[in-house]
Amino acid sequence: MCAANCMAKTYVNLTVVLCFFSIAYAQTSVTSNATAGERHSEEYCAMYGICGKRSDGKYLNCPFGSPSVKPDDLLSSKVQSLCPTITGNVCCTETQFDTLRSQVQQAIPFLVGCPACLRNFLNLFCELTCSPSQSLFINVTSVAKVNNNLTVDGIDFYITDAYGEGLYDSCKDVKFGTMNSRAMEFIGAGAKNFKEWFTFIGRQAPSNVPGSPYAIRFSSSVTESSAMKPMNVSTYSCGDNSLGCSCGDCPSSTVCSNTVSPVSQKGGSCSVRIGSIKAKCIDLAVAILYIVLVSVFFGWGLFRRTRKANPASMTNPWWNVMDDSEVHSINREKNENPPMQVFEDAPHIRNSVQLSIVQGYMSKFFRRYGTWVARNPVIVLCSSLALVLLLCLGLIRFKVETRPEKLWVGPGSKAAEEKNFFDSHLSPFYRIEQLILATIPEVKHGSSPSIVTEENIKLLFEIQKKVDGIKANYSGSVISLADICMKPMDKDCATQSVLQYFKMNSANYDDYGGVEHLKYCFEHYSSADKCMSAFKGPLDPSTALGGFSGKNYSEATAFLVTYPVNNAISKEENETERAVTWEKAFIKLAKDELLQMVQSRNLTLSFSSESSVEEELKRESSADAITILISYLVMFAYISLTLGDSPHLSSFYISSKVLLGLSGVVLVMLSVLGSVGFFSVIGVKSTLIIMEVIPFLVLAVGVDNMCILVNAVKRQPLELSLEGRISNALVEVGPSITLASLSEVLAFAVGSFIPMPACRVFSMFAALAVLLDFLLQVTAFVALIVFDFRRTEDKRVDCFPCMKISSYTNSDKGIDQRKPGLLTRYMKEIHAPILSLWGVKIAVICVFVAFALASIALCTRIQPGLEQKIVLPRDSYLQGYFNNVSEYLRIGPPLYFVVKNYNYSSESRHTNQLCSISQCDSDSLLNEIARASLTPESSYIAKPAASWLDDFLVWISPEAFGCCRKFTNGAYCPPDDQPPCCSSSDGSCSLGGVCKDCTTCFRHSDLRNGRPSTTQFKEKLPWFLSALPSSDCAKGGHGAYTSSVEFKGNGSDIIPASSFRTYHTPLNKQVDYVNSMRAARELSSRLSDSLKVEIFPYSVFYMFFEQYLDIWRTALINLSIAIGAVFIVCLAITCSLWSSSIILLVLAMIVVDLMGVMAILNIQLNAVSVVNLVMAVGISVEFCVHMTHAFSVSTGDKDQRTKEALATMGASVFSGITLTKLVGVIVLCFSRTEVFVVYYFQMYLALVLLGFLHGLVFLPVVLSMFGPPSRRVLIEQRQDRAPVPPQL
């Protein structure tokens, strides 16, 4: 998942490389060759004829007035075709009109989708050039001499504000799909109103720069004495149904405004205001519930104490049913540490325990099994070890999975299937290699200075030179960037860098004007020819700059350099391997050279490649080897101290159990290796989590049982034989160990139902490892206990059992003396009495219930996701890269809406259901996407979609007469500025030559409602997809849409797959990724249902974030199954609904509290944390089951039984369970990988502390108040009768 989290943040708007256009604005003007005087009247021209030409070939009009001229029939028909509002006389020659026509044809493809805008736009320049009353609103203000002829150098163009507003309003929202932007960005430099647009149009362009050859000052006010009046031609509203602008181009249209918005609104959280305090509904509900519960509890407690204070009024109420000590208790002398089992030499009158059927069988089994193991330890040890070692042989097939898509994406993933469909039918998404150079914040002001300086740009050229010089060796061939990069126009790499404004050539830096040219291109990247990239396309500054606000590109604090590299469907293909080889050389260069270069200039550098995450995950496998080793040494030392007796200087070398502890650690390691070996044999690959976490987990779980077993043997009377002690110890703790271990195995096994492979495999490995560990504990470890106690009784030295101390004397019973330990005395003399106080019980119940309810409220604040930085080593170079991506990137990941089985036949409505130009349905796919982009805060869609369908329909339309053209023989004819119409060598273009006879592909009469027939569609779509975009026709589909359509042309009217590209808004948090995916899927689902067309959204990060759409549902289902499984096991073994219910309550509280801690520590909800929560159920059983067992077999009233249970098992739970887990978990905090620190150290530490508090504080209080009845009863029996073992 982490790979995709880092990729998704680096996707830039590379599609700007796939289209380009240089719009030259109306520079035609009319001159007069008749009179030298100035005259402003009807049927009179201010300019007529051509009097000169600039050095760049732009025509200059004559600055003299003349009467308007009646055109010949040919010119009249030409004028009528372009300017239907001009009839009769004109103020333009045929040459002027042809120039006008050739210039406006560059703008037509941008506007033809909205006829109202196009008509208004053409009227503006038709009136300027050919209006017979031109002199009424045109006034020549300055002239210039060119080749001894006077030419127009500046004019005033008087236009009413109403016309200006009408023109702007009809065009302001028109889309230019190829660039995922508005056409106004290109034909008006992003003007915000008509005055800004007119200012842009009227600027006098320098030589070889698109624009007017003379200055045009637009104004709306004229003096009364001038006899002039502003032009006020009628404008057309884009909402006029007769002109058919689409909703995407005209959101204000009545039809569009009545359409229901498709945007899924963010679900607002319920809140309540109480005075000046605003509280969430869940918080208020929990607070009310807590008050009610506490009130009921206090009332019940007061009532109960009142009833107890008045015995005469008591009639054995229901709450006293369990106080059966009067019936079952006996007066007997209690030892400091009373055993819970019945010894073989018990008296005639004795306590015994009633057994269920399951308990009876388990009791008989453990008694017989314990005796047999004590008599045959060698057989048990050898056979158990042989079985595990046999499993370990599977390690010869051991493999580690590091591919992110195999770790974090399930095989049945819908997003994975959609990715495979996209890759196989369209094309795989390109690989990303990226550099981020950023300035360092100033100490005084704390803000970062601009990076746009001459020194930094020259540094960028140096870096680019080194990157271009990378030569990687792959199978004997040399691989450079040029060999693998994406080339949309089949020539130059589509590198996204500000250096593209200098054509990637350092020699152009000074020639173009240095930094000032760069700043100029920031504002005119779409219109200035000098700002075009080396790959012949405009470069959006937001894709190459970072750290700026709005469009203040000059204030940018970071350069973003992105190298898109061709990708392949299979990672085993040569193309991918070649790219990976180059990427490794790229990263090595960045580490060894570029980093020092940048740091020497007081800048920062971060970098990444497509394969970086996978490579770093591989490196991570050995990053924590020392941590693992230290943890096992620490655990070994702790076990050795815990298992041994109280140290005495004279006997420690005999009473210590270092060898036994070491043997226990080895058994844990064997259980882990056996689990890994078994799954390796059946072909399941391991993961880094398995290698680093399961050893700690199994060690922490396994040591508990070791301590409990050894302590149980120690508690047996020494007068019994070793066989009797082993047998009784297994009878005493065997069932509870079995119950706890079985619960853990079931809880871990439930995690195998989680769809994420890494977590599913982890759960499988952990379940088998815990099961093997349990089996080894009750077999091999019990046999080792037998050997160790024999060694002790034979007075042999620990670790050196061959050495026997024959002179050793046991003057004060030495090791045979069984005095209560410090923890035991604390539990019995301090802990238990304190918890028996009524006030303490009330406080404990209130505090624990309060935290549980508070945790329920806190759970709603847990966010889904998994930060990509967490899964990598702390010293990884990607850590800084991810930080910079979040800080500097100003554009989100690409989003594709993929349409399956598009039927383009004339009989189908699919075309109008998908497109967004004139005549398209108002609720079409592209119109709905455009509408969603108007509310990016909830839709997470930043721009309208780039539509190959819209551009194709525009490209073939007769209005776009410079686009779809054909020779007389019917073959494709390119635009006039492309070969063979325009010589590629000298760049000379003319209206004559080989293309003079080219005609548009279709006339209006050839199309049906502006749509091609099935045959026309099938014939012309390949032309469109191979047409190069240029100034004369920016709608060419080659590059922009080459991989957007799967067109086979095999006779079918179906296009199997096509995509429409847009972009998400910048996604800075994990929840943003999840919500953006959810919003896109909801939109696609709604449109699929309404349009009856199969549509799905696709973005490369979807595959990794799909799991989070239903992560809460997954978590709750798995937790319910785990807790339910534990409850059923407890009920089956104990046959006590009461005991099982109490265990269930405590388990649920621990899990809920753990989730509350997650919210406090900002730990996100993902597959890793869900597995941890599920495993917490199994681990928490250990804190509950032993105490509940001890309580159920104790005698006396509830307080006495609670005290006896704490004295018997409290110390074991604390030292054998809490401390062992604590030691095993604490070591994880030293891991070099954050994921282990956050999701294993923090969560498991919280689990251990919560388990300890609930098991040794809350549970004893609950048992003392609501505990089940005792299973111990008085039985009279003969001395020779077989004892009845105690059981749960």
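For Ser76 (side chain) and Asp73 (main-chain N/O), no donor-acceptor pair under 3.5 Å exists by modelled atom type. Side chain of Tyr1041 to main chain of Phe952: no donor-acceptor pair is present (N/O by atom type, distance under 3.5 Å, no hydrogens or angles). Between the side chain of Trp197 and the main chain of Ile187, a donor-acceptor pair closer than 3.5 Å is present. Side-chain atoms of Ser212 do not come within 3.5 Å of backbone N or O of Ala215 as any donor-acceptor pair. The backbone N or O of Leu128 lies less than 3.5 Å from no partner atom in the side chain of Ser131, so there is not a single donor-acceptor pair. Remark: the backbone N or O of Gly166 is not paired with any side-chain donor or acceptor of Asp169 at under 3.5 angstrom. Judged purely by atom type and a 3.5 angstrom limit, Ser135 uses its side chain to pair as donor or acceptor with the backbone of Ser41. Using a distance-only test at 3.5 Å, with no hydrogens or angles considered, a donor-acceptor pair links the side chain of Asp540 to the main chain of Ser542. Arg217 places no side-chain N or O within donor-acceptor distance of the main-chain N or O of Asp156, the cut-off being under 3.5 Å. Side-chain N or O atoms of Glu43 include none that pairs as donor or acceptor with a backbone N or O of Ser68 at under 3.5 Å.
A 6.0 Å sphere centred on NZ of Lys503 holds more than 12 heavy atoms belonging to other residues, nucleotides or ligands. More than 12 heavy atoms of other residues, nucleotides or ligands sit less than 6.0 Å from atom CG of Asn969. At most 12 non-hydrogen atoms from other residues, nucleotides or ligands lie less than 6.0 angstrom from CZ of Arg101.
Side-chain contact check for Phe194 versus Ile159: every heavy-atom pair is 4.5 Å or farther apart. Looking at Met489 and Pro1029, their side chains come closer than 4.5 Å, going by heavy atoms from C-beta outward. With contacts defined as side-chain heavy-atom distances shorter than 4.5 Å, the pair Thr160/Glu165 does not qualify. By the 4.5 Å heavy-atom criterion applied to side chains, Val222 and Pro230 are counted as neighbours. At a threshold of 4.5 Å between non-hydrogen side-chain atoms, the residues Arg119 and Pro84 count as touching. At least one side-chain heavy atom of Glu959 sits less than 4.5 Å from a side-chain heavy atom of His1004. With contacts defined as side-chain heavy-atom distances shorter than 4.5 Å, the pair Val174/Met184 does not qualify. Between Tyr501 and Tyr512, the closest side-chain pair of non-hydrogen atoms is not below 4.5 Å.
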**Report entry** Chi angles and distances behind the side-chain contact (heavy atoms from CB on, under 4.5 Å) call for Leu518, Phe502
**Finding:** CA-CA 8 Å; Leu518 201 62; Phe502 302 101; 3.7 Å; yes

Query raised in the report: Going through the distances and angles, do Thr129 and Phe97 end up as a side-chain contact (heavy atoms from CB on, under 4.5 Å)?
Result: CA-CA 8 Å; Thr129 306; Phe97 180 81; over 6 Å; no

Query raised in the report: Please walk me through it: do Gln204 and Asp153 pass side-chain contact (heavy atoms from CB on, under 4.5 Å)?
Result: CA-CA 9 Å; Gln204 186 174 16; Asp153 191 54; 3.1 Å; yes

Report task. Start with the C-alpha distance between Cys920 and Cys915, add both sets of side-chain angles, then the distance that settles disulfide (SG to SG under 2.5 Å), and finish with yes or no. Result -> CA-CA 6 Å; Cys920 296; Cys915 66; 1.8 Å; yes

Query raised in the report: Which is it for Leu124 and Tyr163 under the side-chain contact (heavy atoms from CB on, under 4.5 Å) test, yes or no, and what are the steps along the way?
Result: CA-CA 9 Å; Leu124 175 68; Tyr163 180 87; 3.7 Å; yes

Requested in this report: Given side chain to side chain donor-acceptor pair (under 3.5 Å), test Ser220 with Asp161 step by step and report yes or no.
Outcome: CA-CA 6 Å; Ser220 60; Asp161 288 345; 3.3 Å; yes

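The distance from the CG atom of Leu75 to the OG1 atom of Thr95 is 9.5 Å, given to the nearest 0.5 Å. Rounding to the nearest 0.5 Å gives a distance of 8.0 Å between CG of Asp492 and CD of Gln500. Interatomic distance, Lys175 NZ to Asp950 CG, rounded to the nearest 0.5 Å: 5.5 Å. With rounding to the nearest 0.5 Å, the separation of CG in Leu122 from CD in Glu127 is 11.5 Å. Taken to the nearest 0.5 Å, the OG atom of Ser133 stands 11.5 Å off from the CD1 atom of Ile138. Residue Ser947 holds its OG atom at 4.5 Å from CG of Leu926, rounded to the nearest 0.5 Å.
Taking each heavy atom of Lys1020 and Cys964 in turn, the nearest pair found is CD-SG, 4.2 Å. Pairing each heavy atom of Leu1007 with each of Pro958, the nearest pair is CD1-CD, 3.8 Å. Here the closest non-hydrogen pair linking Ile956 and Pro1012 is CD1-CG, 3.6 Å. Taking all atoms of both residues into account, the shortest heavy-atom contact from Ile216 to Phe157 is CG2-CB, 3.8 Å. Nearest approach of Tyr525 to Pro541, heavy atoms of both residues: CD2-CD, 3.4 Å. For the pair Lys966 and Thr1000, the tightest heavy-atom approach, listed with the atom from each and the gap, is CE-O, 3.8 Å.
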Donor-acceptor pairs under 3.5 Å, side chain of residues 140-151 to any protein atom, not counting sequence neighbours: which ones?
unit_1 : atom_1 : unit_2 : atom_2 : d
Thr141 : OG1    : Gly154 : O      : 3.1
Ser142 : OG     : Gly154 : N      : 3.0
Asn149 : ND2    : Cys51  : O      : 3.3
Thr151 : OG1    : Ala144 : O      : 3.0

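Between Phe198 and Phe218, the two ring planes are parallel [angle under 30°; tilted spans 30° to 60°].
The disulfide (SG to SG under 2.5 Å) test with Cys238 singles out one residue from Cys250, Cys114, Cys117, Cys171, and that residue is Cys250.
Between Lys943 and Glu185, no side-chain nitrogen of the basic residue sits less than 4.0 Å from a carboxylate oxygen of the acidic one, so the salt-bridge criterion is not met.
The SG atoms of Cys45 and Cys91 sit under 2.5 Å apart. Cysteines Cys521 and Cys531 place their SG atoms closer than 2.5 Å to one another.
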